[in-house]
Peer 1: 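One structure follows; several queries about it will come next.
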Amino acid sequence: MSSSLPPSARVASQSVLSAAQYAATRHAVWLGAAAIITDQVGRVLLVHPTYHEDDRWLLPGGVVEPGEHPYDTCRREITEELGLSNLPLTGVLAVHSLSSHQADLRSGMSCPGEIRYVFDGGTLPADQAEAICLPREELSEFAFFETRDAVQRLRSVDGQIMLAAYRARLGNTATAHLADGQHILDVPALDHHDVHVRYRPMWDSPLNHGPVPERLPVQQAWAWCFVPDVMQADSVSRRLVSQAQVVGQPPGSLPQTVAGCHGSRSPFPKGSTAPPAIPRPRARVPAV
C-alpha cells in the first residue's frame with residue numbers, strides 16, 4: 001500500500017538526525033596556522049624543530065587548539081616560538097588543503113587531512129630579529145633564508161605553500177587557495193614566472209632610495225631609477241618586458257611612472273636626483 005505522505009515529507013522524516021548523529025557524519029580534519037615573516041631585505045624566517053627526524057625546517061606556527069581561531073593560534077605560536085608577543089598579522093596570504101593521501105605525510109602517520117592558514121607577519125626590523133627567543137626543547141635554531149634556499153629546507157608541499165603565500169604578499173594579490181601544494185584557481189603571475197627574491201648586499205644597484213624628483217608623475221615608489229629610451233643591449237630590453245609581464249601589465253601599456261629596474265645601469269652619476277633630460281620610464285617592479 002502506498003504512503004499518503006508526499007515524497008518530500010517521506011525524505012525529511014527519514015533524514016532527521018540527532019545532533020550527535022549529525023556530528024558523526026561530518027568529516028573531521030586537522031587545522032593549523034603559520035606566518036610569513038621576513039627581515040628587511042625580504043628573506044623568510046624559518047625555524048628548525050627538534051622533533052623532526054627528517055631535519056626539515058618549518059614556518060613559525062602550529063596546530064589550532066579546540067575552540068581556537070587560526071588567527072589566535074598564529075599569534076599564540078609566534079609568542080611561544082619566537083618570544084614576539086605583539087607582532088601584528090595583517091592578512092591571510094594563503095589557505096591550503098592537505099589531503100589524507102598526500103605524498104609528503106610521514107610514513108605511518110594517520111592524518112585525516114589538514115586545513116592551514118598562512119598569515120602575513122610583516123617585516124621584522126633588526127632589533128626585533130635580535131630579540132627572538134626560542135624554546136630550546138622544541139626549536140633548535142632560526143634563520144632568515146632567501147626563498148630559493150628556504151624551499152630546499154622545507155618539505156616539498158610546505159615549500160609550495162610558502163612560495164604561494166610569499167608571492168601573494170610580494171605581488172599584493174588575493175589570498176592564494178591551494179590543495180596539496182597546487183593552486184586551485186588561476187595561477188598568479190609571480191607563481192607562473194617562478195619569481196624569487198635575492199639578497200645581494202654588495203650589489204652595485206642603480207636604484208635610488210631617496211625622494212623622487214617632484215616633476216615626475218609618480219604615485220608611489222619604494223625605489224626608482226631611469227632607463228634611457230635607447231637600450232644598449234637587447235637583454236636589458238627583454239628583461240624589462242619580462243618584468244612588466246610579471247607584475248601583470250602588458251608590454252604595450254606600461255605606466256608612465258618611474259621604475260625600479262633590476263639588472264640595468266643608470267646613465268646618470270650616483271647621487272644625482274634629476275637627469276639633464278627625462279627619459280621615458282619603462283616598467284615598474286615592486287620592491288620588497
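This one's a predicted model, so the numbers in the text were calculated from it and none came from an experiment. What you see below is based on every heavy atom in this structure, not just the backbone, and it leaves out hydrogens, waters and symmetry mates.
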Peer 1: Compare all side-chain heavy atoms of P135 with those of E80 and state whether any distance is below 4.5 angstrom.
Peer 2: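 Not in contact.
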Peer 1: Can you see which heavy atom on P49 is nearest to which on W57, and at what distance?
Peer 2: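 Shortest heavy-atom contact: CD-CA, 4.2 Å.
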Peer 1: Report yes if some heavy atom in the side chain of V44 is under 4.5 Å from a heavy atom in the side chain of I37; otherwise report no.
Peer 2: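 Not touching, per the 4.5 Å side-chain cut-off.
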Peer 1: Do the non-hydrogen side-chain atoms of V197 and E146 ever get within less than 4.5 Å of each other?
Peer 2: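 No - every pair of side-chain heavy atoms lies 4.5 Å or more apart.
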Peer 1: With a 4.5 Å cut-off on side-chain heavy atoms, are L163 and R167 touching?
Peer 2: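 They are in contact (side-chain heavy atoms under 4.5 Å apart), so the answer is yes.
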Peer 1: Atom CD of E141 and atom CZ of R136: how far apart are they, to the nearest 0.5 Å?
Peer 2: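 Reported value, rounded in 0.5 Å steps: 8.5 Å.
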Peer 1: Do L31 and V63 have side chains that get closer than 4.5 Å, going by heavy atoms?
Peer 2: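 Answer no - side chains too far apart.
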Peer 1: Using distance alone, with no hydrogens and no angle criterion, decide if H48 and D55 have a side-chain donor and acceptor under 3.5 Å apart.
Peer 2: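 There is such a pair between these side chains.
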Peer 1: Determine, step by step, whether H183 and H177 satisfy the side-chain contact (heavy atoms from CB on, under 4.5 Å) criterion, reporting the C-alpha distance in whole Å, the side-chain angles of both residues, the deciding distance to 0.1 Å, and the verdict.
Peer 2: CA-CA 6 Å; H183 286 274; H177 293 269; over 6 Å; no
Peer 1: Quick test of your reading of the model: are R116 and D158 salt-bridged, counting only N-O distances below 4.0 Å?
Peer 2: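 Counted as a salt bridge, because a side-chain N and a carboxylate O are separated by less than 4.0 Å.
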Peer 1: Could you walk me through whether R76 and S85 pass the side-chain hydrogen bond (donor to acceptor under 3.5 Å, both in side chains) test, one step at a time?
Peer 2: CA-CA 8 Å; R76 173 179 56 78; S85 58; over 6 Å; no
Peer 1: Which atoms form the tightest heavy-atom contact between P70 and V64, and what is the distance?
Peer 2: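 What the structure gives for the nearest pair is CA-CG2, 4.1 Å.
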Peer 1: Given R43 and T147, is the side-chain hydrogen bond (donor to acceptor under 3.5 Å, both in side chains) satisfied, shown in steps?
Peer 2: CA-CA 7 Å; R43 294 177 297 187; T147 51; over 6 Å; no
Peer 1: When hydrophobic residues are tied together by side-chain contacts of less than 4.5 Å, even through go-betweens, does L82 share a cluster with Y51?
Peer 2: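 Yes, one cluster joins them.
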Peer 1: Using a 6.0 Å cut-off, check whether atom CG of D186 has over 12 heavy atoms from anything other than its own residue.
Peer 2: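 Counting neighbours around CG of D186, 12 or fewer heavy atoms of other residues, nucleotides or ligands fall under 6.0 Å, so no.
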Peer 1: Measure the CD-CG distance between E130 and L124 for me, rounded to the nearest 0.5 Å.
Peer 2: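 Nearest 0.5 Å value for the CD-CG distance: 11.0 Å.
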Peer 1: Working to the nearest 0.5 Å, report the span between CG of L45 and CG of L58.
Peer 2: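 CG of L58 is found 11.0 Å from CG of L45.
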Peer 1: Between H96 and D180, what is the shortest heavy-atom contact and its length?
Peer 2: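 Smallest heavy-atom distance, with atoms named: NE2-N, 3.2 Å.
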Peer 1: Taking all atoms of both residues into account, what is the closest heavy-atom pair of A164 and L178, and its distance?
Peer 2: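 It is CB-CD2, 3.7 Å.
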Peer 1: Would you indicate whether the side-chain heavy atoms of L134 and F142 approach each other to under 4.5 Å?
Peer 2: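 Yes, close enough: below the 4.5 Å cut-off.
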Peer 1: Do Y71 and L87 share a hydrophobic cluster, counting only Ile, Leu, Val, Met, Phe, Trp and Tyr and linking them when any side-chain heavy atoms are less than 4.5 Å apart?
Peer 2: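 Yes.
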Peer 1: State, to 0.1 Å, how close A28 and P112 come at their nearest heavy-atom pair, and which atoms those are.
Peer 2: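 Looks like O-CB, 3.3 Å.
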Peer 1: Would T73 and E68 satisfy side-chain hydrogen bond (donor to acceptor under 3.5 Å, both in side chains), going step by step from the backbone distance to the final call?
Peer 2: CA-CA 7 Å; T73 299; E68 192 175 40; 2.8 Å; yes
Peer 1: With rounding to the nearest 0.5 angstrom, report the CZ to CZ distance, F145 to R153.
Peer 2: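 It comes to 4.0 Å.
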Peer 1: Does the side chain of I115 reach to within under 4.5 Å of the side chain of V95, using non-hydrogen atoms?
Peer 2: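 Of all side-chain heavy-atom pairs linking V95 with I115, at least one is under 4.5 Å.
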Peer 1: More than 12 foreign heavy atoms under 6.0 Å from CG of D127: is that the case here?
Peer 2: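 Yes, the 6.0 Å shell around CG holds more than 12 heavy atoms from other groups.
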Peer 1: May I ask you to test the L93-T175 pair for a side-chain heavy-atom distance under 4.5 Å?
Peer 2: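 SC-SC contact between L93 and T175 ruled out.
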Peer 1: Could you report the tightest heavy-atom contact between A165 and I36, atom names first, then the distance?
Peer 2: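 So the minimum-distance heavy-atom pair works out to CB-CG1, 3.8 Å.
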Peer 1: How long is the straight-line distance from CD1 of I132 back to CD1 of I78, given to the nearest 0.5 Å?
Peer 2: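 So the CD1 of I78 and the CD1 of I132 are separated by 10.0 Å.
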Peer 1: Can you tell me if R169 and T123 form a side-chain donor-acceptor pair at under 3.5 Å?
Peer 2: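 Result is yes, a qualifying pair exists.
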Peer 1: Quick one: OH on Y22 to CG on L17, what's the gap to the nearest 0.5 Å?
Peer 2: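 Taking OH in Y22 and CG in L17, the distance rounds to 9.0 Å.
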Peer 1: Give the cluster check for L190 versus I184: same hydrophobic cluster or not, with ILVMFWY residues linked at side-chain heavy-atom distances below 4.5 Å.
Peer 2: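 L190 does not cluster with I184.
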